[in-house]
Amino acid sequence: MAETVFSLNTGRKIPALGFGTWQSKPGEVEKAVEYALSVGYRHIDAAYSYGNEEEVGIGLKKAFEAGVKREDVFVTTKLWSTHHRRVQENLAMSLDKLGLDYVDLYLMHWPVAMNTNGNHPLFPTTPGGSRDVDFSRNHVDTYLDMEKLVHTGKVKAIGVANYSVVYLEELLTRASIVPAANQIENHPLLPQDDVSDFCKAKGIHITAYSPLGSTGSPLLTLPVVVQIATKHGVSPANILLSYHIERGHSVLAKSVTPARIKANHQITKLDRDDMDALARVSSGGNLKRHGNPPWKVNLGFPDQQFV
């Protein structure tokens, strides 16, 4: 299947299949990114909070030295919650670690701010042990600071992540720039049709993370997924990645194993029967969300009000 790209509301293109770098162990990310780019990936997803942007940057540098053009690679990174009051500073830190002059997409990782001067640079806690959330900082104010970055040339587009419809509605009442993308957990056990439909109506692209679930997830062994994979002669992982592209969403595949990285790059065209069968997986409220940071904040998701 030919490389698929989607258009953002900025007019720029985002490759449908991205390479994720979350939870990759130290020493593995650099080689994985370099290899992913060598076999055709052109969309790399990073984040300040992953703690591996330097390795991602080395992998990018080696790929560029091998002939991959910077302008052909779509790089995303994310503002972390402890920097909601220091947006420009966090972007500068990420660019320095990545070794880049700009990123193609800069996302607010979560619509929740944490104490900028807390007891940990990434995950500050209160004396009681809960996350030290800065309740006085509204996510919309953070986004308005992100809007200022667009004119610097250091970001080609800005967006959000982990936004529910409620939060998007609140954001759009004050934003001057409609987010280019909303990166959310998405898979047949958490289709988030409400968010997907709302974003489509507003011209906000969806990128899916955790498309295979997480460790111990039943997605890869769901009978319907296995049946569709057998029908097409591909792996269940291939079906779960292809599902998103058929929905018009970009999707992040993650692995540090060369064989899997290469296999995940082969996307299958799914038909209507396949998509209908996958849609029925979550019927009757059979939902499973894997990303549940202990914010103790109502994020507005119908399946789980407090995460």
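Quick caveat: nothing in here was measured; it's all calculated off a predicted structure. The figures that follow rest on heavy atoms only: side chains count, while hydrogens, waters and symmetry mates do not.
- A 4.5 Å side-chain heavy-atom check between Val297 and Phe135 finds at least one atom pair inside the cut-off.
- Criterion: ILVMFWY side-chain heavy atoms under 4.5 Å apart, direct or through other members. Under it, Val39 and Val5 are not part of a common hydrophobic cluster.
- In this structure, a donor-acceptor pair under 3.5 Å is absent between the side chains of Asn52 and Glu28.
- Side chain of Ser94 to main chain of Leu91: no donor-acceptor pair is present (N/O by atom type, distance under 3.5 Å, no hydrogens or angles).
- Closest approach of Ala181 and Leu107 over heavy atoms only: O-CD2, 4.2 Å.
- A distance-only check finds no donor-acceptor pair linking the side chain of Asp132 to the backbone of Pro124 [under 3.5 Å].
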Would Gln23 and Tyr50 count as a side-chain contact (heavy atoms from CB on, under 4.5 Å) if you check the C-alpha gap in whole Å, the side-chain angles of each, and the deciding distance to 0.1 Å?
CA-CA 7 Å; Gln23 290 187 331; Tyr50 298 168; over 6 Å; no
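- Taken together through direct or relayed side-chain contacts under 4.5 Å among Ile, Leu, Val, Met, Phe, Trp and Tyr, Leu278 and Leu287 form parts of separate hydrophobic clusters.
- Considering OH of Tyr209 and NE2 of His290, their distance stands at 10.5 Å, rounded to 0.5 Å.
- Ser81 places a side-chain N or O within donor-acceptor distance of the main-chain N or O of Val112, the cut-off being under 3.5 Å.
- Nearest approach of Pro211 to His187, heavy atoms of both residues: O-CB, 3.5 Å.
- Residues Asn162 and His109 meet the side-chain proximity criterion, which asks for heavy atoms closer than 4.5 Å.
- Hydrophobic clustering (side-chain heavy atoms under 4.5 Å, transitive across Ile, Leu, Val, Met, Phe, Trp, Tyr) keeps Trp22 apart from Phe123.
- Of the charged side-chain nitrogens involved, none lies within less than 4.0 Å of a carboxylate oxygen, so that Asp141 and Arg85 do not count as a salt-bridged pair.
- Glu185 contributes a side-chain N or O that, together with a main-chain N or O of Gly291, makes up a donor-acceptor pair within less than 3.5 Å.
- Looking at Asn264, its side chain does come within 3.5 Å of a backbone N or O of Arg260 through a donor-acceptor pair.
- No donor-acceptor pair under 3.5 Å is formed between the side chain of Ser7 and the backbone N or O of Lys13.
- Residues Val150 and Ile158 share a closest heavy-atom pair of CG2-CG2, 3.9 Å.
- Hydrophobic clustering (side-chain heavy atoms under 4.5 Å, transitive across Ile, Leu, Val, Met, Phe, Trp, Tyr) keeps Tyr102 apart from Met93.
- Looking at His244, its side chain does come within 3.5 Å of a backbone N or O of Asn186 through a donor-acceptor pair.
- Here OG of Ser196 is found 10.0 Å from CG of Asn182. Values are rounded to the nearest 0.5 Å.
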Test log, rule side-chain contact (heavy atoms from CB on, under 4.5 Å), inputs Thr76 and Asp104:
CA-CA 6 Å; Thr76 298; Asp104 299 271; 5.8 Å; no
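- Residues Val29 and Val256 do not share a hydrophobic cluster, clusters being chains of Ile/Leu/Val/Met/Phe/Trp/Tyr side chains in contact below 4.5 Å.
- Summarising the geometry, atom CG belonging to Leu212 is positioned 9.5 Å from atom NZ belonging to Lys254; distances are rounded to the nearest 0.5 Å.
- Shown here is Asp72, whose CG atom has more than 12 heavy atoms of other residues, nucleotides or ligands within 6.0 Å.
- Closest heavy-atom contact between Pro111 and Tyr167: CB-CD2, 3.6 Å.
- A 4.5 Å side-chain heavy-atom check between Phe74 and Lys156 finds every atom pair outside the cut-off.
- Ion pairing between a basic and an acidic side chain is recognised when a charged N comes within 4.0 Å of a carboxylate O; Lys148 and Asp145 show such pairing.
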Show, in sequence, the C-alpha distance, side-chain angles and deciding distance for Asp101 and Lys154, and conclude whether the salt bridge (Lys or Arg N to Asp or Glu O under 4.0 Å) test is met.
CA-CA 6 Å; Asp101 295 325; Lys154 296 179 180 180; over 6 Å; no
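- The shortest side-chain heavy-atom distance between Leu17 and Val251 falls under the 4.5 Å cut-off.
- Annotation: side chain of Phe198 is in contact with side chain of Leu172 (closest heavy-atom distance under 4.5 Å).
- Residues Glu30 and Val56 fail the side-chain proximity criterion, which asks for heavy atoms closer than 4.5 Å.
- The number of heavy atoms from other shown groups lying within 6.0 Å of CD (Gln88) does not exceed 12.
- Formation of a donor-acceptor pair under 3.5 Å by the Glu53 side chain with backbone atoms of Ala46 is not found in this model.
- Using bins of under 30°, 30° to 60° and over 60° for the plane-to-plane angle, the ring pair Phe6/His205 lands in the tilted bin.
- Side-chain atoms of Trp110 and Lys78, non-hydrogen and from C-beta on, never get closer than 4.5 Å to each other.
- With sequence neighbours excluded, no residue forms a side-chain hydrogen bond (donor to acceptor under 3.5 Å, both in side chains) with Thr173.
- In terms of heavy-atom proximity, His265 sits nearest to Glu3 at NE2-OE1, 3.6 Å.
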Using the rule given for side-chain contact (heavy atoms from CB on, under 4.5 Å), can you reason through Ile58 versus Lys62, listing the C-alpha separation, both sets of side-chain angles and the distance that settles it, and then say yes or no?
CA-CA 6 Å; Ile58 295 171; Lys62 288 185 175 180; 4.0 Å; yes
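- With hydrogens and angles ignored, the 3.5 Å screen pairs a side-chain donor or acceptor of Glu55 with a backbone N or O of Gly27.
- To the nearest 0.5 Å, atom NE2 of residue His43 and atom CG of residue Leu252 are 5.5 Å apart.
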Begin with the C-alpha distance, continue with both residues' side-chain angles, and end with the deciding distance and a verdict on side-chain contact (heavy atoms from CB on, under 4.5 Å) for Ile177 and Met146.
CA-CA 10 Å; Ile177 300 174; Met146 290 176 66; over 6 Å; no
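- Of the charged side-chain nitrogens involved, none lies within less than 4.0 Å of a carboxylate oxygen, so that Lys269 and Asp274 do not count as a salt-bridged pair.
- In this structure, the side chains of Phe64 and Lys69 stay at 4.5 Å or more apart for every pair of heavy atoms.
- A pairwise comparison of heavy atoms in Asn9 and Ala180 identifies OD1-CA, 3.6 Å as the closest pair.
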Could you please spell out the steps behind the side-chain hydrogen bond (donor to acceptor under 3.5 Å, both in side chains) verdict for Arg131 and Thr125?
CA-CA 4 Å; Arg131 288 200 178 180; Thr125 56; over 6 Å; no
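- Applying the 6.0 Å contact sphere to NZ of Lys231 captures more than 12 heavy atoms from other residues, nucleotides or ligands.
- Donor-acceptor pairing under 3.5 Å is lacking for the side chains of Arg86 and Thr116.
- In the model, Tyr163 has a side-chain atom that pairs as donor or acceptor with a side-chain atom of His139 under 3.5 Å.
- Considering OH of Tyr143 and CG of Leu79, their distance stands at 12.0 Å, rounded to 0.5 Å.
- Considering OG of Ser242 and CD1 of Ile228, their distance stands at 10.5 Å, rounded to 0.5 Å.
- Of the candidates Leu240, Val225, Val226, Leu220 forms a side chain to side chain contact (heavy atoms under 4.5 Å, CB included) with just one, namely Leu240.
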